[in-house]
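Written below as structure tokens is the structure these notes are about.
Note on naming: letters A, B, ... go to the chains in the order of the sequence lines (proteins, then strands), and numbering restarts at 1 for each one.
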Amino acid sequence: MTLSMVEKAFLLKKTDLFSGTDLDLLLAVAENLAILSCEKGSSVFKNGQKARRLYFLIEGCVEVANERNHTLAVLHPVDYFGDEALFSDTTRAYSVHCMKDSLMLTLSRSNLFHLIEECPWVALTFLRHYSASAGFRCRN
Amino acid sequence: MKESLLHLFHIFPGEERRAALLAGLGVLWASATSCAVKLSESLFILHVGSDALFQCYFFIACGLFIVAAPLIHLVQRYSAYHIFSGLNLLTAAIYASFALIFFMKEAEAGPGLWTATIVCAYLCFLIHVTCYWSFVDEYFDLQDAKRLFSLFCSAIFVGMGFAGGLLGAHFFSLPGLFVFLSTLCLTSFLWARWIRMDLESVYDDTKEEDDTNERVPWRQALRTILSSPLTLLLMTIPAIVQCCEVLTEFSYCRALENYMTTSGRIDELPQFIGQLASWVALISIVISLLLTNRLIHRLGLGNMVLLIPASYLFMFGGWIVAPSLCFPIFGFTITEGLHYVIQENSTNLLLNVVPTQLKNRIRVLLDFFAEPAGVLLGSLLLMLPNVPNLYLGLSVSAIALALSIWLRSHYGSALVSQLSSQRISFSTTAQQRFLSLSETERRHAQHLITQELRSNCPVKQLLALEMALAFPDPCFLALNLKQLSHISTASRLCALELIGNSTYANHPSVLTTVKQWAYEADEIQIRCAALFYLAKRDQIQAQDVAIYLDSPNLHLRAAALVTLHRQGDESSAIQQRLLDMLKSPHENELLIAIDLLACGLLPHTQKPLLTLLKHPAATVRQAAAAGLELTAKPSAKKYAPALLEHCAHSKDPLLRQHLIAALGKLGDSQSILGLLDLCQRFCPRELRLAEQALSQLGSAAEAQLLSYAQDHSHHPNCRLLTLRVLRQISPEQQQLQLQLLVESTLDQAYFYFYHRHSIRRQYPLIHLGPLEDVLAGRLSTSLDFLLQLLAVDGTLSNAELLSHSLRSPNAKIRGNAIETLETSCSPTLFQQLYPLVAPKLPYADILRLGQQRGCFSMTLKALLEQLETSPSLTDQLTGSQIRAMNVDFLQLHLEPLPSEREATSS
């Protein structure tokens, strides 16, 4: 499966993180996105693995599960996942399995940090998402 | 003793376990597979004869071609560990089968079986080499690899030496030996498993989570390989060197056979080759352990690739001039030892510079296509009648040397392009990206854009329009403008704004389309906005719009005002109407008024626009700033201080960007320092704009900028920007002054480097984390400043890329950045820079290097005092802050503790 830079830019524009991005930035990020296609039933990453990349689900459907294999969420196209461990510099705290044949765009941790350095509002978008899903932060 | 050994093998403290485990693995598999190779080779010569060896080479080459396809498939799907483990199991099974066959039918074995044995043995050995290096590569970045790969290379030679000894010892019968080799392979499998469980691989975020590379389709992979000259050379040179190896091997085999026949000891040939192999392995181990990494350190990786082709050239040349047994033995030493120690090692290290996502695939291509192609070429050359093999060897080695010199010249640029391919380039515009597309990619992109313009999604439609406007092809835009008539009113209004801000705003096809909208559109909003668009571009006759001068519709009124103004009516009535609009409490009216101001309806547009910068509505402020950017010209220099002030106080990045661009257009050299001082608060995009703005001032600002860069009291980021501007406006900067600046910055960097590492050891009982962080941050800033300085004097081509790569969380990128620094700087300068950028150095080395640079241990109090008296404001603040945080401690411990005093004195 191949996607051109322009195709990736159109897909990226649909995601919450890049919906307000201008064309120059969108193409810059799109050019550095890798493509990952996974078959139904295969795992994208497992709990406890080293975190390397951020994933944007473009096609298909994935299930997020904890270490006891309990489903935490089911993600659909234009959702993103795998960001938490990149920021906390820890191993993956959940596993992701494909419920259908899925296609993902992936961004490396180095490039994510570079993007945040260039556009701090990307970090603010992440913060907005985290604060929307957290009642009160766990201090320990 | 331990320290001496670590120093001998170039192992840093903490790396012992990693190095020992991976070296142990090398010994295990190399013992098994190389023993099988030598055994099968000796048996073949004994039973079939050396004249038929070229047939074996042919079969081996064909076998490698056949194996390559499944192996490439495997490296895409599975991790290096899984492939290596699987290979060990398969090899163990093959050797066990041979043991069984030889146990049952050794006496009946014919040439077919001996050929099969030698081909299988070779294939197992060569696949093991590839998979072992792929596996080892996961645990090291380039800088560590340069130190340690020669150790693993020597581990392979220890294995080969052990194999030679095993052959010479006659300890096992033939089947028994194969059973033993099979057991060794199984042990290697278990050892690899242990490594996997015990060691953590180096952090490399170019890979996916399952440890496999991105699955790049073949067409794209091929295009990437073809577009990288270094990759092509890296695949060609091993093929040619392999050809040299075949020619050498044939020549020495024939020479040794003749020698043994004439001396009546032909039956001892296998033992003789075995003994020779052991000696060569021993020599190779010594060279690999003691020389290779030191040679890489001294000569640089680029020069290492020249050694083996040059050795072949020397050997063939010498053999032709003075035939004697020493040249075949030297040839044996090169092919069986030095080739692996130097050439393979260098090629493995150079693979770090090929496109990352294709690295493992290129490694397989190299070992299973390029090298077999060399073997095939060698065997075909040997089949040529009446051509002396020594002359063939001489010619082929000369070609290999020439190609290696070519590769050396490409090395530096390949490193830079590899680093830039792994980093997002924010300074490249959409237009530049579209320009760099190939013809096919461009057609595909245009097809997509047209398709999305026809879609029903307004977001996609507008993005597609933005793309069409960025495309450097007016015909393509003209074709797509027709699609815009189908989009919604709101989208079409946005489209009009996008088109107006683009480079195609006055293009005839655009004007035709907008005219159609102005006169034929159903929606009144579109018609009015289109009319204003045309009026701004002088496309409307005064009589057509004069009636709208008092229209309640803002667009129509604005169209009338601008048309009448453009067509010579400078009456104060028009200006008064505009002034009235500027007083309006409505945002929409103000925005239109700003548009009119930008059209030059008033003689002095800057003043009202500056007033609007204080408007409560952000959209109005941003529009006013955009208007200021549009109308800024050198004659309005007097407004520069006001713009600077707004820039300093505004928190809106978009507004600041317009103001910075406006300042650049004003070209006021007096405002340079003000703009530079503001830069410490700018985000990267604003910094790039400021850089452009300051560059527009030209060489007139050179002296001011240079003195600013030399002044340590300014913020480091501002000084950094000054250097970037200097690099652009003054390519031939005064070298001497920069040299002094480089030296003083190096001293400063070493100060931070030395104390960052030593302060914790001096005061283990107090928490000095913040001070260490600050010292590390200051070291990083000094390094950035140094890199910029080196870019100004022309040593480095891309300082930003390098400083960013040196800070990357990806260890492989950091390793390559250091390598780029090494290839770009002089050896003396690199020696001074290396400790500052190296991720890990023994503490003794840090102390020694710091002291060589004039640093010495200080008490905490003295260090803080030094920071507080530094000309740098950041240092002063840091010193005061740490003093405030540790005030109790400092009062109690004005002098270091006795143990610390000892450490200080030592």
Inset, instruction - For A/K14 and B/V459, indicate whether the former's side chain and the latter's backbone hold a donor-acceptor pair under 3.5 Å. - result: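 No, A/K14 side chain to B/V459 backbone: no donor-acceptor pair under 3.5 Å.
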
Where on [X] is there a heavy atom nearer than 4.5 Å to chain A: the side chain, the backbone, both, or neither?
| X | result |
| --- | --- |
| B/S808 | side chain |
| B/S421 | backbone |
| B/A464 | both |
| B/R814 | neither |
| B/Q422 | backbone |

Would you give the length of the straight line joining atom [atom1] of [X] to atom [atom2] of [Y], rounded to the nearest 0.5 angstrom?
| X | Y | atom1 | atom2 | answer |
| --- | --- | --- | --- | --- |
| B/N810 | A/R52 | CG | CZ | 9.5 Å |
| B/R433 | A/E31 | CZ | CD | 4.5 Å |
| B/S455 | A/F10 | OG | CZ | 8.0 Å |
| B/K460 | A/K13 | NZ | NZ | 12.5 Å |
| B/H447 | A/S4 | NE2 | OG | 10.5 Å |

Inset, instruction - Would you indicate whether A/E67, at its atom CD, is surrounded by more than 12 heavy atoms from other residues, nucleotides or ligands within a distance under 6.0 Å? - result: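 Check passes, neighbour count above 12.
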
Considering all heavy atoms, the nearest [X]-[Y] contact:
| X | Y | result |
| --- | --- | --- |
| B/R423 | A/N111 | CA-OD1, 3.5 Å |
| B/A430 | A/L27 | CB-CD1, 3.5 Å |
| B/I813 | A/S110 | CD1-OG, 4.5 Å |
| B/L463 | A/A9 | CD2-O, 4.1 Å |

Inset, instruction - Flag the pair B/R685 and A/D24 as a salt bridge only when some basic side-chain nitrogen lies within less than 4.0 angstrom of an acidic carboxylate oxygen. - result: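 No, this pair does not count.
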
Inset, instruction - Would you check if A/K50 and B/E200 make a side-chain contact, meaning some heavy-atom pair closer than 4.5 Å? - result: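 Yes, at least one pair of side-chain atoms sits under 4.5 Å.
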
Legend entry - Contacting moiety of A/E118, where chain B heavy atoms sit under 4.5 Å: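 The answer is both parts of A/E118.
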
Legend entry - Engaged part of A/L115 at the chain B interface, taking heavy atoms whose separation is under 4.5 Å: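 Contact with chain B is through both the backbone and side chain of A/L115.
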
Inset, instruction - Test the A/R109-B/Y203 pair against the cation-pi criterion, namely NZ or CZ under 6.0 angstrom from the six-membered ring centroid and within 45° of the ring axis. - result: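 Yes - A/R109 lies over the ring of B/Y203, closer than 6.0 Å to its centre and within 45° of its axis.
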
Inset, instruction - Quick one: sort the A/H114 and B/F426 rings into parallel, tilted or perpendicular, breaks at 30° and 60°. - result: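 Correct class here is perpendicular.
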
Legend entry - Best-contacting candidate, B/H444, B/R807, B/Q431, against chain A by heavy atom pairs under 4.5 angstrom: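 Most heavy-atom pairs under 4.5 Å with chain A: B/H444.
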
Inset, instruction - Take A/M5 and B/E441 through the test side-chain contact (heavy atoms from CB on, under 4.5 Å) and record every step on the way to the result. - result: CA-CA 9 Å; A/M5 174 181 68; B/E441 286 170 335; over 6 Å; no

